[in-house]
Amino acid sequence: MGTEWNDPGGAPPYDPLTDPLSALPGEGPGTERVPDRVPEPDDCVDTIDLRLTEEIVEFLACEPPTPAQPGPAFGSDLLDGLADWGPVATDIGPFQLVPVRIERDLRLITQWMNDPAVAAFWGLSGPDAATAGHLRAQLDGDGRSVPCLGVLGGVPMSYWEVYRADLDPLARHYPARPHDTGIHFLVGRVADRGRGLGTLLLRTVADLVLDRRPACCRVVGEPDLRNTPSAAAFLGAGFRLTAEIELPDKRAALMIRDRALRGVL
């Protein structure tokens with residue numbers, strides 16, 4: 001796989017080809033941005049109503065930032081401006097979540113979805129239309145889920161979905177709390193699998209969520225119980241196995257990474 005990544009629709013916020021390894025603003029390996037106030041467990045009450053009315057969407061989208069919090073202006077959408085989170089340093093190079101653009105990224109993501117090891121759990125093998133429909137359902141939605149490419153050292157090498165677990169049907173299957181944030185991911189390149197890269201990047205993305213979403217107390221994963229490598233990656237990244245849950249399309253391991261336990265797991 002080459003590193004060519006054209007963008008006919010205009011430059012994304014961070015283009016690793018035209019601006020590779022450009023400055024990570026004030027960050028280096030081991031540097032973390034932690035909110036001034038870490039939400040206490042009691043701040044996180046269970047979700048009561050799963051309906052997302054227009055009024056709730058407007059309220060959540062316009063929620064003002066907390067003055068004491070550092071960093072970018074939070075609350076610009078349901079996932080606090082994910083497109084502007086920017087690159088972060090890791091031990092293996094700068095990493096960034098870049099929101100998907102179908103005209104630019106469809107061919108690559110479709111290729112990954114047709115890998116038998118991926119297709120067994122994602123169920124999106126087949127022509128471009130199958131993957132495109134999955135992506136458009138998120139891109140044309142209300143912003144509760146954002147599909148992204150994971151770009152490492154200038155190379156797109158993984159696919160991620162960051163979503164509001166508390167506003168997702170998943171919340172009907174566990175005691176969800178407001179602003180719970182879920183993660184789906186796959187490592188696209190075969191050469192990048194089986195050597196701990198998924199674990200490292202999953203921890204990196206979970207840290208990004210906790211750093212950029214100060215209202216989020218927990219990051220949630222629900223890998224298929226049959227997908228042993230994915231479940232192992234969540235456990236290695238500091239998630240706890242809290243339950244086994246029956247979802248419409250799979251029996252899943254409910255994985256949770258708590259902000260309060262971030263320093264010890």
* Give the C-alpha distance, both sets of side-chain angles, the deciding distance and a yes or no for side chain to side chain contact (heavy atoms under 4.5 Å, CB included) between Leu261 and Phe239. => CA-CA 10 Å; Leu261 300 178; Phe239 287 74; over 6 Å; no
Between [X] and [Y], which heavy-atom pair has the shortest distance, and what is it?
X: Ala171; Y: Asp166; answer: CB-O, 3.8 Å
X: Ala130; Y: Leu124; answer: O-CD2, 3.9 Å
X: Leu247; Y: Ala252; answer: CD1-CB, 3.9 Å
X: Thr199; Y: Ala232; answer: OG1-O, 4.4 Å
X: Cys216; Y: Val209; answer: SG-CG1, 4.0 Å
X: Arg193; Y: Ala117; answer: NH1-CB, 3.8 Å

Taking the side chain as everything from C-beta on, heavy atoms only, tell me whether [X] gets closer than 4.5 Å to [Y].
X: Ile109; Y: Leu149; result: yes
X: Leu225; Y: Glu244; result: yes
X: Val187; Y: Val118; result: no
X: Leu82; Y: Pro99; result: yes
X: Ile183; Y: Val219; result: yes

Within the 3.5 Å criterion, strictly below it, is a donor on [X] or [Y] matched to an acceptor on the partner's side chain?
X: Arg213; Y: Thr181; value: yes
X: Gln138; Y: Ser145; value: yes
X: Asp105; Y: Tyr159; value: no
X: Trp112; Y: Thr110; value: no

Would you say [Y] ends up clustered with [X] if hydrophobic residues are merged whenever their side chains have heavy atoms under 4.5 Å apart, either directly or through other cluster members?
X: Leu202; Y: Leu241; result: yes
X: Leu208; Y: Phe234; result: yes
X: Leu167; Y: Val220; result: no
X: Leu235; Y: Ile256; result: no
X: Trp85; Y: Met157; result: yes

* Mark yes or no for whether Asn114, through its side chain, and Ser125, through its backbone, hold a donor-acceptor pair below 3.5 Å. =>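 Flag not set: sc Asn114 to bb Ser125 has no pair under 3.5 Å.
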[X] bridged to [Y] by N-O distance under 4.0 Å:
X: Arg262; Y: Asp211; value: yes
X: Arg240; Y: Asp258; value: yes
X: Asp207; Y: Arg212; value: no

* Evaluate the criterion side chain to side chain contact (heavy atoms under 4.5 Å, CB included) for residue pair Arg104 and Val98; output intermediate values, then yes/no. => CA-CA 12 Å; Arg104 178 191 65 199; Val98 178; 3.7 Å; yes
* Asked: Of Arg164, Arg218, Arg257, which is the lone residue that meets salt bridge (charged side-chain N to carboxylate O under 4.0 Å, His left out) with Asp180?
  ->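 In the set Arg164, Arg218, Arg257, the residue that makes a salt bridge (charged side-chain N to carboxylate O under 4.0 Å, His left out) with Asp180 is Arg218.
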Drop me the distance from [X]'s [atom1] to [Y]'s [atom2], to the nearest 0.5 angstrom.
X: Lys250; Y: Glu222; atom1: NZ; atom2: CD; answer: 4.0 Å
X: Trp122; Y: Asn227; atom1: CH2; atom2: CG; answer: 10.5 Å
X: His134; Y: Leu139; atom1: NE2; atom2: CG; answer: 9.5 Å
X: His173; Y: Asp168; atom1: NE2; atom2: CG; answer: 9.0 Å
X: Asp224; Y: Ser230; atom1: CG; atom2: OG; answer: 8.5 Å
X: Thr131; Y: Ile102; atom1: OG1; atom2: CD1; answer: 10.0 Å

* Asked: Taking the six-membered ring for Trp, are Trp160 and Phe95 parallel (under 30°), tilted (30 to 60°) or perpendicular (over 60°)?
  ->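 Geometry flag for Phe95 against Trp160: perpendicular rings.
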* Counting only heavy atoms not in Arg107, do more than 12 fall under 6.0 Å of its CZ? ->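 Check fails, neighbour count at 12 or below.
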* Test Leu186 against Met113 for side chain to side chain contact (heavy atoms under 4.5 Å, CB included), laying out the working first. => CA-CA 9 Å; Leu186 66 89; Met113 292 299 180; 3.8 Å; yes
* Residues two or more places apart in sequence or in another chain: which of them pass ring pair (Phe, Tyr, Trp, His ring centres under 6.0 Å) with His184? ->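 Partners of His184 by the ring pair (Phe, Tyr, Trp, His ring centres under 6.0 Å) criterion, ordered by chain and then number, come out as Tyr163.
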* To do: Begin from the C-alpha positions of Phe185 and Val205 and carry the test side chain to side chain contact (heavy atoms under 4.5 Å, CB included) through to its verdict.
  => CA-CA 10 Å; Phe185 84 105; Val205 172; over 6 Å; no
